[in-house]
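Let me begin by presenting the structure, written as C-alpha cells, before commenting on it.
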Amino acid sequence: MYNTLSKRKEAFRTVKPGKVGIYLCGPTVYDKAHIGHMVGPVIFDCIKRYLVYRDYDVQWVVNITDVDDKLINKANERGISMLEVAEENIADYNDNLAALGVDQIDHFPRATECMDEIIAFVQSLVDQGYAYASEGDVYFEVGKDVQYGKLSNRSVAAMQGEGGGTAARKRGLADFALWKSAKPGEPSWDSPWSKGRPGWHIECSAMSKKILGATFDIHGGGLDLVFPHHENEIAQSECCHDAPMVTYWAHNGLLRASSAAGKVGGRGSSAERADQEGADEQRLSHPGVNPQQSGKMSRSAGAGGLAELIARQGGERIRFFLLRTHYRSTVLFNEPALDEAGVGLEGFYRLFKRYTRITGKDFYDLHPSTPQAVENDDSANNSSLAEALKCREKFLNAMDDDFNTGGAIGELFELAKIINKFCDDNDLEGDGNSDDRVIQLQRLLATLKELAAILGIFLQAPTSDGESEAGDALLGPLMQLVISIRAKARTSKDFATADTLRAGLDPLGIAMEDRAGGTEWSGGDNQSMPGIMQLLVELRNTARAKKDFATSDLIRDSLAAIGITLEDRSGGTEWSADGAK
RNA sequence: GGCGCCGUGGCCAAGUGGCUAAGGCAUCGGAUUGCAAAUCCGACAUCGGCGGUUCGAAUCCGCCCGGCGCCUCCA
C-alpha cells in the first residue's frame with residue numbers, strides 16, 4: 001500500500017492483528033455534493049470490501065463537517081439555521097453514496113456531536129504547551145512541533161501561508177486555529193476560552209481518536225487535503241499523543257473537467273488555452289465562469305448536478321468508471337468518457353442475460369464463489385475454469401498491489417471473454433445444454449461474481465431511472481407485438497419487412513437481437529412510443545396499399561388487445577392509448 | 001519561487017528491471033447470422049526526446065521538451 005508519508009509502497013501491516021481502522025475525510029456539508037466528493041468514498045468502499053474479503057475486521061469512519069464558516073454564511077444567506085443547511089446536504093450526500101453503491105461506512109461522526117472530545121483535545125494541547133489561547137481563540141504553535149511539515153514535505157520557514165485566523169492574534173504566521181471565538185449571532189459552544197467553535201482541522205484529530213484510537217491504520221482523503229488539513233491533523237494528534245497518528249496516509253487523485261487541451265499528461269497548448277480564456281473573460285466579463293471547464297473539477301462545474309448525472313448515467317456506471325483508473329491518478333471526468341465505460345459494462349450485462357437464456361435463472365441470485373470453494377475445487381481439469389482461476393489470481397494480485405482496481409477490471413473483462421467462449425464452444429444455447437455444463441457455467445460466473453463483489457459491482461441489477469416507468473407499461477406489450485409481426489415476416493421470408501422494422505427502431509434507441517429462442521429487445525423508454533407507433537402505422541398502410549388486409553387488420557386488432565386504438569381518417573391514421581397518452 | 005505528479009497504440013488505461021508491453025472503446029479482416037446485432041478468432045503500440053547505468057529498461061539515473069496539481073476554502 002502506498003503511503004504519502006514515506007512516498008513509497010509499503011508492505012501491509014496493522015496496528016492490531018486482524019483489525020483495520022480507516023478514517024476518511026468526508027464533506028463539509030454547506031452545499032450539495034459534486035462528483036469529486038464521490039471519489040474517496042468509492043475507492044475506500046472497495047478498499048474496505050477487499051480487506052474484509054481478506055478476513056480483516058474493518059472499521060471505516062467518514063466524518064461530516066457540519067460547523068464551519070461556509071455553513072454559517074450559507075445559513076445566513078438562506079435565512080435558515082446552520083443545522084438545517086447541514087441536514088439537507090447530508091441527506092443529499094447519503095443519497096449519492098447509496099446510488100454509487102457505497103454502503104460500507106461504519107461511522108458517520110459529526111463535528112457538532114463531538115464537541116466534548118474536541119474541547120478536551122484542544123485543552124490537552126494547551127496543557128502540553130503546543131497551543132496557546134489568544135483573545136478567545138486558541139492556536140496551535142507550529143514552531144513547537146519539530147516534525148511539522150513532514151507529510152507535505154515543506155519547511156515552516158518556507159511557508160507563505162498564514163494558517164488562517166487573525167495574524168495579529170498569532171505568535172507565528174503559520175499557526176492555525178484550534179478554536180475560534182464566535183462573533184455575535186454565530187452558532188457557538190461553551191469552552192474554557194470563549195463561546196466559539198472548533199477550527200477546521202481539530203475535529204478529525206478528535207473524532208478519529210474517539211472512534212479508532214490514538215494510532216490507527218489508514219487515513220484517507222483527496223490529494224488536495226495533504227496541506228494544510230492533514231499536515232495540521234498529524235501535528236495536533238502526534239503532539240497530543242506522542243505517538244504516530246496513522247500507519248498509512250492514502251490520498252486519492254482529483255477529478256478534472258475535460259479541457260480542450262486534451263489529456264492530463266499529454267500535449268496541449270496552455271498558452272493557447274489561457275489566451276482563449278482571457279478573451280472569453282473579457283468578452284463576457286464574467287470571470288467566475290470558465291467557458292471551457294478546463295482545470296480542476298470545481299463546485300461551479302459540478303454543484304447541484306450530481307443527482308441528475310446519476311439519474312442520467314446510473315450509479316454503477318459512474319462507480320465502474322472511477323474504478324477503471326488507479327485511485328492515485330488524476331481522472332478526466334466527462335460524460336463521453338462515462339458513456340464509453342458504459343459500453344464496456346453492457347458486455348457484462350449481456351453475459352448475465354445469456355446466463356438467464358441458458359438456465360432460466362438470474363445471475364444476481366447466483367452465490368458468489370469463495371476462496372475456500374476455489375481451494376477445494378477439483379475440477380481444474382476443465383480448461384475454462386483453469387483459465388478463470390488464473391484471471392482470479394491476477395485480479396487478486398492487482399488488488400494486493402496498492403488496490404489496483406484498474407488492473408483488476410482488466411481481468412474481469414478477460415473472465416467475461418472466457419465465459420462467453422465457454423458458452424460458444426459448448427453450444428450452451430443449443431444442443432450442448434446439459435446439467436453438467438450448466439454447473440460448470442455457474443462455477444465460472446460464481447468466480448466473476450466473487451471478484452466483482454470486491455469492487456462493489458454487479459451486486460444487483462442496475463435500476464433504470466425512475467422517470468420512465470409509468471410509460472413503460474405499454475412499451476413491453478408493444479414490443480412483443482412488433483416482435484411477433486416481425487417473426488411472421490421472417491418465417492415467410494419477407495425480410496424487407498423484417499429489416500424495415502428493425503432499422504426503424506434503431507433511431508429510437510431500441511435494438512433487436514435474433515436468438516435461437518426468439519428475438520430479444522433492449523433500450524427504449526416512454527419517449528419511444530410515438531416512434532414505434534408511427535412505424536407500425538406505416539407498415540399497416542403499406543399492407544393496405546397492397547390490399548394485404550390480413551396483415552393490416554392483424555396489426556390493428558393486436559394493438560386493440562393492448563389498449564391502443566387506431567382510427568383511419570382521411571388525413572391519415574391516428575392512434576390513442578388508454579390512459580397513457 | 002517552494003513542494004509534488006504525469007507523458008504507454010486513434011481515445012482511455014494496466015504494467016515500475018527480464019517470457020511475443022494486460023484490458024476497454026474505436027477501426028479493419030474472418031467465423032457465425034436470411035441480413036444484422038450479440039459472441040468468438042485475428043490485425044493494430046517498443047513505451048515524449050537525448051544520454052547513462054546494466055548481460056538486460058517503458059520500468060533506475062541525468063538532462064531536455066511537454067502537460068498538471070498543491071503552496072488560500074476545497075474530496
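Here is how names work: the chains are called A, B, and so on, in the same order as the sequence lines, proteins then strands, and each is numbered from 1. Only heavy atoms go into these numbers, but all of them, side chains included; no hydrogens, no water, no symmetry mates.
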Euclidean distance for [atom1], [N] against [M] (whole angstrom):
{"N": "B/rG15", "M": "B/rC70", "atom1": "P", "result": "24 Å"}
{"N": "B/rG49", "M": "B/rG7", "atom1": "C1'", "result": "11 Å"}
{"N": "B/rC68", "M": "B/rA58", "atom1": "P", "result": "28 Å"}
{"N": "B/rA22", "M": "B/rA45", "atom1": "C1'", "result": "13 Å"}
{"N": "B/rC25", "M": "B/rC6", "atom1": "P", "result": "27 Å"}
{"N": "B/rG48", "M": "B/rG67", "atom1": "C1'", "result": "11 Å"}
{"N": "B/rC55", "M": "B/rC11", "atom1": "C1'", "result": "38 Å"}
{"N": "B/rC60", "M": "B/rU16", "atom1": "C1'", "result": "9 Å"}

What is the ring orientation for [X] with [Y], classed by angle as parallel under 30°, tilted 30 to 60°, or perpendicular over 60°?
{"X": "A/Trp249", "Y": "A/His251", "result": "parallel"}
{"X": "A/Phe348", "Y": "A/Phe458", "result": "tilted"}
{"X": "A/Phe363", "Y": "A/Tyr355", "result": "perpendicular"}
{"X": "A/Phe140", "Y": "A/Tyr148", "result": "tilted"}

Mind checking who [N] pairs with, Watson-Crick or G-U wobble, both distances under 3.5 Å?
{"N": "B/rG42", "answer": "B/rC28"}
{"N": "B/rC68", "answer": "B/rG4"}
{"N": "B/rG17", "answer": "none"}
{"N": "B/rC60", "answer": "B/rG52"}

Listed nucleotide nearest any side-chain atom of [X], set [options]:
{"X": "A/Thr325", "options": "B/rA13, B/rC68, B/rG34", "value": "B/rA13"}
{"X": "A/Asn404", "options": "B/rG15, B/rA75, B/rC68", "value": "B/rG15"}
{"X": "A/Lys70", "options": "B/rA37, B/rC73, B/rG15", "value": "B/rC73"}

Quick one: [X] [atom1] to [N] [atom2], roughly how many Å, whole number?
{"X": "A/Arg392", "N": "B/rA22", "atom1": "CZ", "atom2": "P", "result": "23 Å"}
{"X": "A/Tyr327", "N": "B/rA13", "atom1": "OH", "atom2": "P", "result": "17 Å"}
{"X": "A/Leu332", "N": "B/rC5", "atom1": "CG", "atom2": "C1'", "result": "14 Å"}
{"X": "A/Asp224", "N": "B/rC71", "atom1": "CG", "atom2": "P", "result": "8 Å"}
{"X": "A/Phe227", "N": "B/rG69", "atom1": "CZ", "atom2": "C1'", "result": "15 Å"}
{"X": "A/Leu223", "N": "B/rC6", "atom1": "CG", "atom2": "C1'", "result": "12 Å"}
{"X": "A/Glu411", "N": "B/rG15", "atom1": "CD", "atom2": "P", "result": "12 Å"}
{"X": "A/Lys7", "N": "B/rG4", "atom1": "NZ", "atom2": "C1'", "result": "7 Å"}

- Query: Should A/Asp424 and A/Lys421 count as an ion pair when the cut-off is N to O under 4.0 Å?
  - Reply: no

Charged N to carboxylate O below 4.0 Å: is that the case for A/Glu335 and A/Arg312?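 Salt bridge flag = yes for A/Arg312 with A/Glu335.
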
May I ask you to verify whether the side chain of [X] and the base of [N] hold a donor-acceptor pair under 3.5 Å?
{"X": "A/Arg328", "N": "B/rC5", "value": "no"}
{"X": "A/Arg502", "N": "B/rA36", "value": "yes"}
{"X": "A/Asp514", "N": "B/rC35", "value": "yes"}
{"X": "A/Arg490", "N": "B/rG34", "value": "yes"}

Quiz item: Mapping A/Glu340 and A/Phe321 onto RNA chain B by nearest heavy atom, which one lands closer to the 5' end?
Solution: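 Result of the comparison: A/Phe321.
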
Assign each of A/His229 and A/Arg350 the nucleotide of RNA chain B bearing its closest heavy atom; nearer the 5' end lies the nucleotide of A/Arg350

Heavy atoms only, 4.0 Å cut-off, all strands: where does [X] land among base, sugar-phosphate and nothing?
{"X": "A/Gly221", "answer": "sugar-phosphate"}
{"X": "A/Phe413", "answer": "sugar-phosphate"}
{"X": "A/Arg317", "answer": "nothing"}
{"X": "A/Glu513", "answer": "base"}
{"X": "A/Lys417", "answer": "sugar-phosphate"}
{"X": "A/Met38", "answer": "nothing"}
{"X": "A/Gly222", "answer": "sugar-phosphate"}
{"X": "A/Gly26", "answer": "sugar-phosphate"}
{"X": "A/His326", "answer": "sugar-phosphate"}
{"X": "A/Asp499", "answer": "base"}

Can you tell me if A/Asn420 touches the phosphate of B/rC40, counting only side-chain N or O atoms and a distance under 4.0 Å to OP1 or OP2?
yes

Discussion item. Is there a side-chain contact between A/Asn153 and the phosphate of B/rG4, meaning an N or O under 4.0 Å from OP1 or OP2?
Written reply: yes

NZ of A/Lys493 to CZ of A/Phe495, rounded to nearest 0.5 Å, is 5.0 Å

Taking distance alone, no hydrogens or angles, what donor-acceptor pairs closer than 3.5 Å link side-chain atoms of residues 97-111 of chain A to residues at least two apart or in another chain?
residue  : atom : partner : partner atom : Å
A/Asp103 : OD1  : A/Arg49 : NH2          : 2.8
A/Asp106 : OD1  : A/Lys48 : NZ           : 3.1
A/Asp106 : OD2  : A/Lys48 : NZ           : 2.8
A/Asp106 : OD2  : A/Trp60 : N            : 2.7
A/His107 : NE2  : A/Gln59 : OE1          : 2.7
A/Arg110 : NE   : A/Asp66 : OD2          : 3.1
A/Arg110 : NH1  : A/Glu87 : OE2          : 3.2
A/Arg110 : NH2  : A/Glu87 : OE2          : 3.2

Check: Under 3.5 Å, is there a donor-acceptor pair between the A/Tyr93 and A/Asp95 side chains?
Finding: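 No, no side-chain donor-acceptor pair sits under 3.5 Å.
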
